[in-house]
> 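Supplied in structure tokens, the structure appears directly below.
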Amino acid sequence: MVNPDTARTIVGIIGNVISFGLFSSPIPTFVQIYKKKSVEGFKPDPYLATVLNCMMWVLYGLPFVHPDSFLVVTINGTGFVMELIYITIFFVYADSQKRKRIFLWLLFEAAFMGIIVAITMLVFHGTKYRTLFVGLLCIVFNIIMYASPLTVIRQVIRTKSVKYMPFSLSLANFANGIVWSIYALIKFDANILVISKNTNQNFQKLRSISNGLGALSGAAQLILFAIYYKSTPKVEEGEEEKQHQKPPEVQLSGV
């Protein structure tokens, strides 16, 4: 029988690979931005939100908050660097209004993280309470991150088209939720669904629930993809090039 610690490490490595796929998913968008030298109608919101989410999980994985969480730190640290690169490219090719918004949001996020770190170190003593405090904040950001594709789901149902819902991203979202749910559940007994007096177990239950919601969100996207794939209008390569040549004021872009 596989040792729980070994199984958790293996699942964590798999989760890191899948999470890296999620962090890499915006690359085609930024290649397009770089080639066109313009952000067009794209918004920086998802990347700004992911930066804060990664910072929170890096803090959670540090030894003085939650020991033995090296995998959590590595993948979220990598994601943090990647998202900063995306934001830098976005900033370079954005107009002055969007640049100001990006600067203010990054300033807010830096101040927010400073406050959270100060509270964690000065108010909470011991890894048990720090894990619970920072972990609950991480779960809130996890749920927000996983809930964001719901707007796309509404659009898919309304337009009966999956044009703006990439299959690879939906699949990665689903797999990511499944793997990290398993990671959180390993080493816990059948009472995992019952609220206990153990604060660490209760946190892991909440973490499993948040990642479970991510898996459900991904599954919903995959189901919609299967339903509406055939009804999605197919744009020929020549027609797509003509659409890209239209003036910016009549071009519709979205994230």
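What's counted below: heavy atoms across the whole structure, side chains too, no hydrogens, waters or symmetry copies. Residue numbers start at 1 and run along the sequence shown.
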> Going by the rule side-chain contact (heavy atoms from CB on, under 4.5 Å), which residues pair with Val81 if we only count those two or more places apart in sequence or in a different chain?
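In terms of side-chain contact (heavy atoms from CB on, under 4.5 Å), with neighbours along the sequence ignored, Val81 is linked to Ile85.
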> Could you pull out all residues at least two apart from Phe20 that satisfy ring pair (Phe, Tyr, Trp, His ring centres under 6.0 Å)?
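Applying ring pair (Phe, Tyr, Trp, His ring centres under 6.0 Å) to Phe20 gives none.
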> Restricting to side-chain hydrogen bond (donor to acceptor under 3.5 Å, both in side chains), what partner residues turn up for Asn53, sequence neighbours left out?
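Here no residue qualifies.
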> Using side-chain contact (heavy atoms from CB on, under 4.5 Å) as the criterion, list what pairs up with Ile18, not counting sequence neighbours.
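Applying side-chain contact (heavy atoms from CB on, under 4.5 Å) to Ile18 gives Ile14, Ala175, Asn176, Val179.
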> Might you point out which heavy atoms bring Val73 and Val58 nearest each other, and give the distance in Å?
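That would be CG2-O, 4.0 Å.
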> Return the set of residues passing side-chain hydrogen bond (donor to acceptor under 3.5 Å, both in side chains) with Thr50 (not counting sequence neighbours), or none when no residue passes.
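Listed in chain order: nothing, the list is empty.
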> Mind jotting down which residue pairs meet the side-chain hydrogen bond (donor to acceptor under 3.5 Å, both in side chains) criterion with at least one end in residues 77-94? Sequence neighbours excluded, please.
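Those involving residues 77-94 do not exist here.
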> Quick one: list whatever passes salt bridge (charged side-chain N to carboxylate O under 4.0 Å, His left out) with Arg99, sequence neighbours left out.
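If we apply the salt bridge (charged side-chain N to carboxylate O under 4.0 Å, His left out) test to Arg99, skipping adjacent residues, there are no hits.
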> Got a sec, which residues hit side-chain hydrogen bond (donor to acceptor under 3.5 Å, both in side chains) with Thr74, two or more places apart in sequence or on another chain?
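With sequence neighbours excluded, Thr74 shows a side-chain hydrogen bond (donor to acceptor under 3.5 Å, both in side chains) to Asn16, given in chain and number order.
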> Go through the structure and list residues passing ring pair (Phe, Tyr, Trp, His ring centres under 6.0 Å) with Phe91, not counting sequence neighbours.
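Applying ring pair (Phe, Tyr, Trp, His ring centres under 6.0 Å) to Phe91 gives none.
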> In terms of hydrophobic clustering (I, L, V, M, F, W, Y; side-chain heavy atoms under 4.5 Å; direct or indirect links), are Val39 and Leu104 co-clustered?
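Different clusters: Val39 never reaches Leu104 through Ile, Leu, Val, Met, Phe, Trp or Tyr contacts under 4.5 Å.
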> Which is it for Arg130 and His66 under the side chain to side chain contact (heavy atoms under 4.5 Å, CB included) test, yes or no, and what are the steps along the way?
CA-CA 7 Å; Arg130 289 173 180 172; His66 191 74; over 6 Å; no
> Would you say the ring centers of Phe133 and Tyr60 fall short of 6.0 Å from each other?
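Phe133 vs Tyr60: aromatic centres not under 6.0 Å.
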> Quick check: closest heavy atoms across Pro67 and Pro63, and the distance to 0.1 Å?
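So the two residues come closest at CG-O, 3.4 Å.
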> Is Leu106 reachable from Phe108 through a run of I, L, V, M, F, W or Y residues, each pair having side-chain heavy atoms under 4.5 Å apart?
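Hydrophobic grouping puts Phe108 with Leu106.
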> List for me each residue that meets ring pair (Phe, Tyr, Trp, His ring centres under 6.0 Å) alongside Phe112, sequence neighbours excluded, and say none if there are none.
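Listed in chain order: nothing, the list is empty.
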> Any idea which heavy atoms bring Lys98 and Asp95 closest together, and the distance?
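For Lys98 and Asp95, the tightest heavy-atom pair comes out as N-OD1, 2.8 Å.
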> Please enumerate all residues that pass side-chain contact (heavy atoms from CB on, under 4.5 Å) together with Ile182, with sequence neighbours excluded.
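Partners of Ile182 by the side-chain contact (heavy atoms from CB on, under 4.5 Å) criterion, ordered by chain and then number, come out as Val11, Ile178, Ile186.
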> Do Leu62 and Ile115 share a hydrophobic cluster (ILVMFWY, side-chain heavy atoms under 4.5 Å, transitive)?
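Per the 4.5 Å side-chain linkage, Leu62 and Ile115 are co-clustered.
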> Just by modelled atom types, is the Phe64 backbone N or O under 3.5 Å from a matching donor or acceptor in the Thr127 side chain?
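No.
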> Which pair of non-hydrogen atoms, one from Leu59 and one from Thr120, has the smallest distance, and what is that distance?
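In this case the closest contact between Leu59 and Thr120 is CD2-OG1, 4.4 Å.
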> Might you point out which heavy atoms bring Phe23 and Ile75 nearest each other, and give the distance in Å?
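Scanning both residues completely, I find the closest heavy atoms to be CE1-O, 3.4 Å.
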> Holding to side-chain contact (heavy atoms from CB on, under 4.5 Å), I want the full list of residues that pass it with Asp68, two or more places apart in sequence or in another chain.
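Listed in chain order: nothing, the list is empty.
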> If you take all heavy atoms of Met56 and Cys138, which pair is closest and at what distance?
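Heavy-atom minimum between the residues: O-SG, 3.4 Å.
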> Cation-pi check for Tyr34 against Lys36: NZ or CZ below 6.0 Å from the six-membered ring centre and within 45 degrees of the axis, yes or no?
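Output no; distance or angle outside limits.
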> Should we say atom NZ of Lys37 is surrounded by more than 12 heavy atoms from elsewhere, each under 6.0 Å from it?
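Check passes, neighbour count above 12.
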